[in-house]
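Accompanying notes for the structure given below.
Whatever order the structure lists them in is the order used to number ligands and atoms, beginning at 1.
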Amino acid sequence: MVGVVIMFAGALFGYDQGVISGALEGIKEEFDLSTTLVEVITSWVTLGALFGALLAGLLAERIGRRRTIIVAAALFCVGAMLEAFAPGTAVLVVGRFTVGFGVGVASVAAPLYAAEMAPANLRGRFVSIYQLAITIGIFLAYIVDQALANSDSWRVMLGVSAVPALLLVVAVWPMTDTARWLVKMGRRDEAATALHRIQPDADPNEKIAEIDESLDADADQATWGEVFGKAMRKPLIIGVGLAVFQQITGINAIIYYADQIFGFAGFSTPQDQAAATTWAIGAVNVLATFIAVVYVDRFGRKPLLLAGLVGMGLSLFVVGCCFLRLDENAGAGETMSGIFTLVALVVFIASFAFSLGPIVWTIINEIFPNRVRGRAVAIATAANWGSAWLVTQFFLTLVDRIGEPATFWLFAGFSALAFVFISRLVPETRGKTLEEIESMWTPANQRTA
Ligand code: BGC
């Protein structure tokens, strides 16, 4: 059941990210939008998510993990309804922000719930399942978009995300909160019952004693001063750097504006655009994520990250060149460049999905010492949403101002920078215990780490 909760939460998150690609055309027709307003409608999900993620930790402490997930799902429903019935753009933008807020809250609360509920040997698996579920959600959104393409049904596309939100509520409702939170709140009897339900063979009192011990250790949480202090500077730079590079190399410009990009590249009907988006972006994203799930512990983080960045950088460079040709001979030879663009985007998505997509989150969750992890992960997550917002807010404007070729070359340039950043600064963490990773940041080891 914990697996089901995390699947639904991830899928919802993905659905809300992917769906806008197919909905934009209809929204533009109905409301006659400027480029900036298109960007606002697209990007305010990420802005909402930024605030949601910042608030989620507090909420999860106050009202518990389970109820926080229910709040997130309720926000999704309200936001989806606002979007579906929006009489004008103002309500639509509020709806987008509300949905995004739910996405942000869920993006923190669901993995937290799973990590605390899962037995230790399944914990790593749940992080991967979450990323996989996000990609499945994006894929499902593209399928819905494709099924409804050209039928002027953007309201249905957006409204449908209320369905998985309701399913999420149904899935979490009968569950208990995590034993860890219940112990923290002094509700020890309920904690014992919760533990008994997950691991009927284990002795709940022993487990509660373990929780007590680790809560004592955590009580000594680092202050914000320490989080930003000298000792944590290197892991913080690595965590925030990875979070930012994951976004400024362009992933969400492509996820959100896929249909438009295929439109620029010569796929002229909405059906053709939607089909290219569903299969070239959506399906490939899911499949390549499997590679990371299988190989991340075998090949290690760093080789996969670097290999992925080579693929991303080269394919973005090629996409830029294709657009240059498309610009030069508008009309003639469109199909060849269009097909090259499609192939290059497939390579880009596949390279992202087995590298920066899942592995950035793996590293962010393992490089910080226990005492600073909560706060440091929150900073990295906020940096990730903040840069996602920047990219989606300004992508179309950038295309207007400097053209598609230069925009994609800019993303390619950031991929090259990310390559240098990772090869010089990020240590390999495969197979290391969290304690070993922690010891990398002690002053004596700083230079070699
Ligand atoms: C990123 C999202 C992105 C998704 C695509 C995630 O790791 O954080 O911003 O949309 O991958 O699959």
Among all protein heavy atoms in this structure, tell me which lies nearest to [atom], with the distance rounded to 0.1 Å.
atom                    : value
atom 11 (O) of ligand 1 : Q131 NE2, 3.2 Å
atom 8 (O) of ligand 1  : Q246 OE1, 3.0 Å
atom 12 (O) of ligand 1 : N285 ND2, 3.1 Å
atom 10 (O) of ligand 1 : N252 OD1, 2.7 Å

F414 ring center within less than 6.0 Å of W409 ring center: no

Quiz item: cation-pi between R233 and W441, 6.0 Å / 45°: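 Ring-cation test returns no.
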
Any donor-acceptor N or O pair under 3.5 Å, side chains D259, T277: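 Yes, a side-chain donor-acceptor pair sits under 3.5 Å.
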
Residues Q247 and S387: side-chain donor-acceptor under 3.5 angstrom: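 The answer is no; no qualifying pair exists.
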
Test of proximity, P358 against ligand 1: N or O pairs below 3.5 Å: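 N/O-N/O distance under 3.5 Å: no.
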
Contact (N/O only, under 3.5 Å) between W361 and ligand 1: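 For ligand 1, there is an N or O atom that lies under 3.5 Å from one belonging to W361.
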
Element-labelled atoms of ligand 1 that are located less than 4.0 Å from some non-hydrogen atom of Q17: 9 (O), 10 (O)

Atom indices of ligand 1, in the order listed, that fall short of 4.0 Å to a heavy atom of T135: 12 (O)

Within-shell test, A388 vs ligand 1, heavy atom, strictly < 4.0 Å: no

Backbone N/O of F262 and side chain of Q273: donor-acceptor pair under 3.5 Å: no

Flag, side chain of R66 to backbone of W173, donor-acceptor distance under 3.5 Å: yes

Pairing of K230 and E226 as salt bridge, 4.0 angstrom limit: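 Looking at K230 and E226, the cut-off is not met.
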
